[in-house]
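Every chain is numbered from 1, with letters handed out A, B, ... down the list of sequences. Here the structure is a predicted model, which means the values were calculated and not measured. Side chains are part of it too, since the values below use all heavy atoms of this structure and drop only hydrogens, waters and symmetry mates.
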Amino acid sequence: MSSKIGLTKISLSIGLASGLFVSSLVQAEDTIKVGVLHSLSGTMAISETTLKDTMLMLIEEQNKKGGLLGKKLEPVVVDPASNWPLFAEKARELLSQHQVAAVFGNWTSVSRKSVLPVFEELNGLLFYPVQYEGEESSKNVFYTGAAPNQQAIPAVDYLMNDIGVKRWVLAGTDYVYPRTTNKILEAYLKDKGVSEGDIMINYTPFGHSDWQSIVSDIKKFGSAGKKTAVVSTINGDANVPFYKELGNQGVSAETIPVVAFSVGEEELSGIDTKPLVGHLAAWNYFMSVDNEANDSFIDAWHAYIKDENRVTNDPMEAHYIGFNMWVKAVEKAGTTDASAVQEAIIGVSVPNLSGGYSAMMPNHHITKPVLIGEIQDDGQFVTVWQTSGLVAGDAWSDYLPGSKDLISDWRMPLACGNYNVKTGKCSGQNF
Amino acid sequence: MISGLLLVMLAVVVQSAGAGLSQTEGDGVDSALELLKSTKFSDRLRGVEQLATSGHSGVLGLLSELLEGRLFYIKKGRRLVIAEEQDGDYRIRDALTGEPLGVEKARKLRKINLNNAMRSRINALVAAIDLASDSPSTRLDAVNRILDHYDVDAVAAIRPLHAVERDEQVRDAMEVAIALADLETGSFSQQVQAVAVLQESVHPAVRNGLVRLKARAGNPELARMIDKSLEIIDARLKVFAALETLFFGLSLGSVLVLAAIGLAITFGVMGVINMAHGELIMLGAYTAYVIQRMMPDHIGISLLVAVPAAFCVSAVVGIAIERGIIRFLYGRPLETLLATFGISLILQQGVRTLFSPLNRSVETPEWMSGALHINSALSLTYNRLYIIAFCLLIFAGLILVLKKTALGLQIRAVSQNRAMARAMGVRSAWVDAMTFGLGSGVAGMAGVALSQLTNVGPNLGQSYIIDSFMVVVFGGVGNLWGTLVSGMTLGVANKFMEPWAGAVLAKILVLVFIVLFIQKRPRGLFPHRGRAAEG
């Protein structure tokens, strides 16, 4: 008796499974697949899970509007687990096995460097939503986060011109993004006439928690009678004990302001913001930006995630821009073919959430406004300064000797990510 | 300009405090209040300036509400109100008359936000008011704040007060400020006198003032005097800097000792390589978080309650690990290592599932934030002072348990000679469980301390496990005193190296040093004859 039921069950489930299989095959023919390559486990899960949810929300909304080219969009989510080599494997899986039309993903620079060869080999499309150190322009990657000239340089300009800062502490975590950014900033500051003695550079390991001597050094450095500021590329976790120590040693935002490039609404939502009030951050978007596009984005996000307390942040906006650009480019090209989209997307302009339009430049970076905000006690930012217009992302910094003469332009006939205007040669080495 | 402002503000205080601003008091106030509502920070700053110079009573109250972030205006009608949060909405009252206006939705209001320029301006105004305070410590604080944002004009307000000041400390601070002003603007004899006064002070503004004067001093005698003063100041600064580094080293050392002392028992006395030790620390930190969530109104007390609670939680988990897994693996170090490593992963993932992968914030009570100001060159942060004391307390407690209690006697007996202890009637299996529980519980208490210094997250334990083993091995396996000495030594060495080597290199150098040291003395600083050491 029981065995009979078992048999029926099995045959039923086989039938069901095959039915599902058939239906998914049918579906596969009239959907466009979109890859989402964000870590859902491991150390980066904190930041990247939100971006996965953002992508799913954007895709759902697009499907409600009737999809793309008459087809529904189908998200393919994979988990590279904060493991850099695994990023390359998962990227290959998305491109060759799932045949996705575009991939939205990555957070850390090292993970992007890891997938780059895969995207170039298989001619895929990657939209990268996080601020990064620049010095790269690939035919297959679209950089919707900020390049150094869209975040670091304007922040330094603000401190120098509006706050009157004369002495600079460049503090960062010891890896590629802070090292490169600080190299650019150091060159920029010296270019502006800041002397060697007025710049202090400091690197700390990942997750550093004992900030006593460094904060004490900053305090001493800042007591030389000139206005001092800290430009922080300190990453993630280490920020909390850093700001706590600043508060304990009596360094306030009024005496020595800290401007951070990696501290956003999401990072602030889990911590006690009292010691941070008045310190600064430079981004291209703040949740507190007051306009209709942003309000409706926040409402949609809260409805999708079913939690009124969730915040929005800059990389989410970058995905919003990147996704809409891709949609528009596909509509313009009439196909999802990678080469056609690459050609169509240059010059495409879509609304951003800070009240303007962002356009895709020939170097695969986008135009954005730069905002400087002060942290408030509710974990939000108040914009205290913003660029008068949009700033176009610069792939190769103008302040580094090696990349001063390089430009990137993916339009025909140049079609080069690393063109030296002095020698007139394209090196072909895009990163 | 500031001096005028200060005098006006002082006059305001003397006149009255508290009475509300009435709208009939003039256009100056009206337009200032209108400016406050502007969307531009520059306008709002001008509004603050105008309010301050208006000299009206009640301005101070309004400014301090603004500083506290309670000044709003109603979007419709632009009426200025003071709002206090109440269940997600705001209870509001008129900012000028104080008339209660009921409860309003947050969306209907707009907060008047501050930026740093406004904040420091308002703070400077409040500092001037504080100069007239009744409490000497408030006055001292105000003088120091004026020194910090040193301004020749600001000192003018201090001059008349100096003559009537009775508290010696405050008078000394005022003398420094006045001397500093004389340095800039005084006659030659005043300058000479000022230089003599100032060599007693290590305030950074003093050193800067002297260096500035030296650069433009025409008189060679004055220049020589300044050089001498600078020499004295620099020598004192050097001493204070060394003291500060020593303090930093001791506090880092006490963190290392706290993290390692539990391991000194489980690894040192029992010889169990427990890779899950870090996760036992993490459990303690999470206990502190949970207890704080249960009593959100008593942050200070919750931390004190968390110490025994964390001990119990970690001890129970530790005993479960020992009884469930480790006791089957005695004498097989490799398997123990792998099994406990597995446990550490399970505990991490368990916490990740239970509490989410996001870091949790454990709030710092008031009495643990801020610093003890010895002078302007040396201040010791309270949280580090408490951690050093806590570490020594736990260490003393452990020594007492091991030396003075029956359990301690049995632990020592089993660790020195298990067979003999058993022959004497000691239940060695029970002692093993208790020892492991003790070590684990101490790790839990360390977790409570660490929750005040670093992030409480699933990876908390991992960042301390290597350091813990390093301290125990360096100190000599099986010796508690060795752990204390080695932890403090490593902490101090690390901090003295950090200024010239950088945080990354300092840590590497310490590791290299330990490797070399262990080559020479494999049994650490204080070798101990126990089961582990013999094996």
Side-chain angles (χ1 to χ4, degrees), chain A residues 41-43 45-46 49 162-163 174 202-217 219-220 222-226 236-241 244-245 247-250 252-255 257 266 269-272 274-275 277-280 288 290 374 376-378 382-385, chain B residues 41 69 111 113-117 119-120 123 148-150 203-205 207-209 211-212 237 241 244-245 247-249 251-252 255 352 357-364 368-371 373 376-377 379 381-384 450 452-455 457 459 462-463 494-495 498-499 502-504 507:
Chain A
S41 53
T43 51
I46 300 178
T49 312
D162 289 40
I163 309 286
D174 204 356
N202 186 291
Y203 291 105
T204 40
F206 267 102
H208 191 68
S209 65
D210 193 46
W211 289 95
Q212 301 179 87
S213 350
I214 291 162
V215 168
S216 158
D217 283 350
K219 208 170 145 187
K220 283 191 197 112
S223 65
K226 290 180 187 169
D237 277 12
N239 276 302
V240 179
K244 241 185 193 173
E245 189 69 37
N248 279 337
Q249 294 202 19
S252 72
E254 293 145 39
T255 47
E266 184 93 2
S269 69
I271 62 174
D272 179 15
K274 256 179 279 153
V277 170
H279 287 301
L280 305 148
S288 63
D290 196 15
E374 278 185 15
Q376 303 289 303
D377 48 10
D378 57 358
V382 166
T383 312
V384 290
W385 181 85
Chain B
F41 278 109
K111 186 171 163 183
N113 288 309
L114 296 176
N115 66 359
N116 284 327
R119 229 175 265 124
S120 70
N123 269 328
D148 284 342
H149 306 270
Y150 173 70
H203 198 285
R207 201 181 178 282
N208 293 334
V211 170
R212 267 203 306 274
L237 279 179
E244 190 185 39
T245 313
F247 172 72
F248 290 162
S251 85
L252 175 64
V255 170
R352 213 170 265 144
L358 290 172
N359 288 334
R360 298 285 134 184
S361 79
V362 178
E363 268 186 67
T364 309
M368 273 187 86
S369 32
H373 286 280
S376 38
S379 51
T381 45
Y382 282 122
N383 61 349
R384 302 283 175 174
L450 289 181
Q452 289 303 312
L453 295 181
T454 181
N455 294 297
N459 300 326
Q462 281 184 326
S463 34
N494 200 327
K495 283 295 161 188
E498 212 180 284
V504 184
K507 208 160 180 184

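Here Glu244(B) does not pair with Lys219(A) in a salt bridge; the nearest charged N to carboxylate O distance is not below 4.0 Å.
Remark: Asp217(A) engages no residue in a salt bridge (charged side-chain N to carboxylate O under 4.0 Å, His left out) (not counting sequence neighbours). Residues passing the salt bridge (charged side-chain N to carboxylate O under 4.0 Å, His left out) test with Lys244(A): none are found, sequence neighbours excluded.
Ranked by non-hydrogen atom pairs under 4.5 Å with chain A, the options Gly502(B), Gly457(B), Ser251(B), Gly69(B) are led by Ser251(B). Counting heavy-atom pairs closer than 4.5 Å to chain B, the top residue among Ser223(A), Ala238(A), Gly225(A) is Ser223(A). Highest contact tally toward chain A, considering only Ala503(B), Ser463(B), Ala371(B), Gly370(B), is held by Gly370(B) [criterion: heavy-atom pairs under 4.5 Å]. Looking only at heavy-atom pairs under 4.5 Å with chain B, the residue among Ala224(A), Gly250(A), Gly247(A) that has the most is Ala224(A). Across Asn248(A), Ile163(A), Thr49(A), the residue that shares the most heavy-atom pairs under 4.5 angstrom with chain B is Asn248(A). Your options are Pro205(A), Ser209(A), Ser213(A), and the one with the most heavy-atom pairs under 4.5 Å with chain B is Ser213(A).
Distance CG/Asp378(A) to OG/Ser288(A): 9.0 Å, rounded to 0.5 Å. Taken from CH2 in Trp211(A) to CG in Asn239(A), the straight-line distance is 7.5 Å, to the nearest 0.5 Å. Between the CD atom of Glu374(A) and the CZ atom of Phe41(B) there is a distance of 6.0 Å, given to the nearest 0.5 Å. Here the CD1 atom belonging to Ile214(A) is positioned 4.5 Å from the CG atom belonging to Asn202(A), to the nearest 0.5 angstrom. One finds the CZ atom of Phe247(B) at 11.0 Å from the NZ atom of Lys495(B) (value rounded to the nearest 0.5 Å).
For Asn115(B), the parts sitting under 4.5 Å from any heavy atom of chain A are the backbone and the side chain alike. Looking at Asn383(B), only its side chain comes within 4.5 Å of chain A, counting heavy atoms on both sides. Only the backbone of Thr383(A) comes within contact range of chain B, with at least one heavy atom under 4.5 Å from a heavy atom of that chain. Heavy atoms of Lys507(B) lying under 4.5 Å from chain A are absent altogether. With a 4.5 Å cut-off on non-hydrogen atoms, Leu114(B) touches chain A through its backbone but not through its side chain. Using a 4.5 Å cut-off between heavy atoms, Val255(B) makes no contact with chain A at all. Contact of Val382(A) with chain B is made through the side chain alone, with heavy-atom distances under 4.5 Å. Residue Gln249(A) touches chain B through both its backbone and its side chain, counting heavy-atom pairs closer than 4.5 Å. In this structure, the portions of Phe248(B) lying under 4.5 Å from any heavy atom of chain A include both its backbone and its side chain. Both the backbone and the side chain of Leu252(B) come within less than 4.5 Å of a heavy atom in chain A. For chain A, the nearby part of Arg384(B) is the side chain; its heavy atoms alone come within less than 4.5 Å. Looking at Asp290(A), the atoms closer than 4.5 Å to chain B (heavy atoms on both sides) all sit in the side chain, from C-beta outward. Looking at Asp210(A), both its backbone and its side chain come within 4.5 Å of chain B, counting heavy atoms on both sides. Heavy atoms closer than 4.5 Å to chain A are found in both the backbone and the side chain of Asn116(B).
The two residues Asn455(B) and Pro241(A) have their closest heavy-atom pair at ND2-CD, 3.9 Å. When every heavy atom of Leu280(A) is checked against every heavy atom of Pro257(A), the shortest pair comes out as CD1-CB, 4.0 Å. Closest of all the heavy-atom pairs between Ala253(A) and Val277(A) is CB-O, 3.7 Å.
In this model, no donor atom of one side chain and acceptor atom of the other lie less than 3.5 Å apart for Thr381(B) and Gln212(A).
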